[in-house]
Amino acid sequence: MAVSENDPQGIAYNRSYVGIKETAAYLLNDFSNSFNIKQYENRFVWDVLKIDIGAQALVGWFTGAWDVINDLGIGVMVDKTRTRWGKFRPYLLGFQIPTSLLGMLYWFLPLLFRGTSATYLPKLIAFFAFGVLQETAGTFTTIARSGYMTTITPNPNERGRLILLAELLTGYMGEDMPNIITGLLLDLVNNSVLHWRLSSVFIGMGTITAVVSCVFTLWFFLKSRERVLQSVERPS
């Protein structure tokens with residue numbers, strides 16, 4: 001049942017809206033946001049993709065500046081969104097899942113540029129493009145996830161319960177496992193226990209984490225609802 005964001009009688013604040021399945025979907029989606037191997041991204045960039053450290057710093061500076069610039073514009077865009085699927089849910093599906101798939105392709109870049117130098121221009125352009133796209137899509141999803149929490153239930157106590165459950169449980173669900181496994185595999189490869197390419201480790205773990213994130217995000221999209229109707233200002 002959709003509820004107006006103005007509830008002067010407080011009726012909406014005295015009942016529960018989020019069931020067990022939706023709670024589980026929320027926890028899995030929160031879990032998927034940290035289920036990645038970004039802890040080893042610098043190792044990947046320097047030792048596997050082989051990007052010049054100066055170029056990497058320049059890309060990092062630009063994407064950081066772009067993040068500051070686009071926050072306001074994207075925030076306004078999301079705030080003005082009104083669709084049949086809700087205000088925030090379209091961004092959850094439209095950006096989170098493509099971002100996960102884009103992140104998976106990112107780990108395949110060494111195959112496309114195998115044997116190239118650290119300053120090979122097409123590789124630097126591809127690296128730059130991935131950085132900008134991921135930063136832009138990440139801003140959309142971050143703003144949408146934050147706003148979505150205010151619409152999933154009008155009951156502030158229920159919102160607090162969901163946030164508390166996520167803080168308490170997702171850490172025990174294994175969100176750090178990809179980084180732990182990746183670190184172990186890299187050690188085994190470096191010590192010649194496993195005769196794998198370093199790129200294979202990143203491609204394998206990057207693919208697994210991206211697929212898991214996509215599945216959990218899609219399930220959350222299907223199981224969750226926006227229940228707080230957003231006000232629309234009408235001309236007088």
Side-chain angles (χ1 to χ4, degrees), residues 32-75 77-78 90-145 175 177-183 185-187 189-190 194-218:
S32 71
N33 294 329
S34 301
F35 194 76
N36 55 60
I37 56 173
K38 287 190 176 296
Q39 178 178 321
Y40 291 95
E41 185 172 7
N42 284 337
R43 174 77 183 275
F44 170 77
V45 171
W46 295 333
D47 295 346
V48 182
L49 185 55
K50 299 186 184 302
I51 295 291
D52 177 72
I53 191 169
Q56 184 192 13
L58 182 61
V59 170
W61 178 88
F62 182 88
T63 53
W66 173 239
D67 180 43
V68 174
I69 294 170
N70 68 27
D71 276 354
L72 181 59
I74 292 177
M77 187 183 304
V78 173
Y91 294 105
L92 185 69
L93 185 66
F95 283 92
Q96 182 67 35
I97 292 178
T99 299
S100 297
L101 294 175
L102 189 66
M104 179 179 67
L105 293 176
Y106 174 73
W107 306 108
F108 283 83
L109 285 179
L111 298 184
L112 299 177
F113 299 104
R114 181 177 295 173
T116 57
S117 70
T119 55
Y120 182 57
L121 186 58
K123 181 166 65 175
L124 296 180
I125 292 173
F127 179 68
F128 173 79
F130 267 88
V132 173
L133 288 173
Q134 288 179 320
E135 177 57 48
T136 304
T139 300
F140 272 107
T141 55
T142 298
I143 292 174
R145 281 199 305 269
E175 62 181 359
M177 285 304 296
N179 286 316
I180 294 173
I181 294 173
T182 299
L185 291 175
L186 291 176
D187 284 342
V189 171
N190 289 334
L194 289 177
H195 299 287
W196 296 356
R197 293 178 178 271
L198 286 178
S199 59
S200 299
V201 175
F202 285 103
I203 289 172
M205 293 302 300
T207 300
I208 290 171
T209 54
V211 170
V212 170
S213 294
C214 280
V215 170
F216 287 166
T217 298
L218 179 59

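If you're wondering where the values come from, they're calculated on a predicted model, not measured in any experiment.
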Spatial distance of atom [atom1] ([X]) from atom [atom2] ([Y]) [nearest 0.5 Å]:
X      : Y      : atom1 : atom2 : result
Ile69  : Phe62  : CD1   : CZ    : 7.0 Å
Ser117 : Ile51  : OG    : CD1   : 9.5 Å
Thr139 : Asp67  : OG1   : CG    : 4.5 Å
Tyr120 : Ile125 : OH    : CD1   : 9.5 Å
Met177 : Thr209 : CE    : OG1   : 13.0 Å

Shortest non-hydrogen contact from [X] to [Y]?
X      : Y      : value
Arg43  : Asp47  : NE-OD2, 2.7 Å
Leu124 : Ala55  : CD2-CB, 3.8 Å
Thr182 : Val201 : CG2-CG1, 4.3 Å
Ile203 : Thr207 : O-OG1, 2.7 Å
Ile74  : Thr136 : CD1-O, 4.0 Å
Tyr40  : Gly183 : OH-CA, 3.1 Å

Is any side-chain heavy atom of [X] closer than 4.5 Å to a side-chain heavy atom of [Y]?
X      : Y      : answer
Val45  : Phe127 : yes
Ile181 : Ile37  : no
Leu49  : Lys123 : yes

Whether the side chain of Thr63 engages the backbone of Val132 through a donor-acceptor N/O pair (distance < 3.5 Å, no angle test) should be reported.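 It does not hold such a pair.
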
Using a 3.5 Å cut-off and no angle test, enumerate the donor-acceptor pairs between side-chain atoms of residues 101-113 and protein atoms at least two apart in sequence or in another chain.
unit_1 : atom_1 : unit_2 : atom_2 : d
Tyr106 : OH     : Glu41  : OE2    : 3.1
Trp107 : NE1    : Gly103 : O      : 3.2

Among residues at least two apart in sequence or on other chains, which ones pass salt bridge (Lys or Arg N to Asp or Glu O under 4.0 Å) with Arg197?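 Scan of Arg197 (salt bridge (Lys or Arg N to Asp or Glu O under 4.0 Å), adjacent residues dropped) gives none.
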
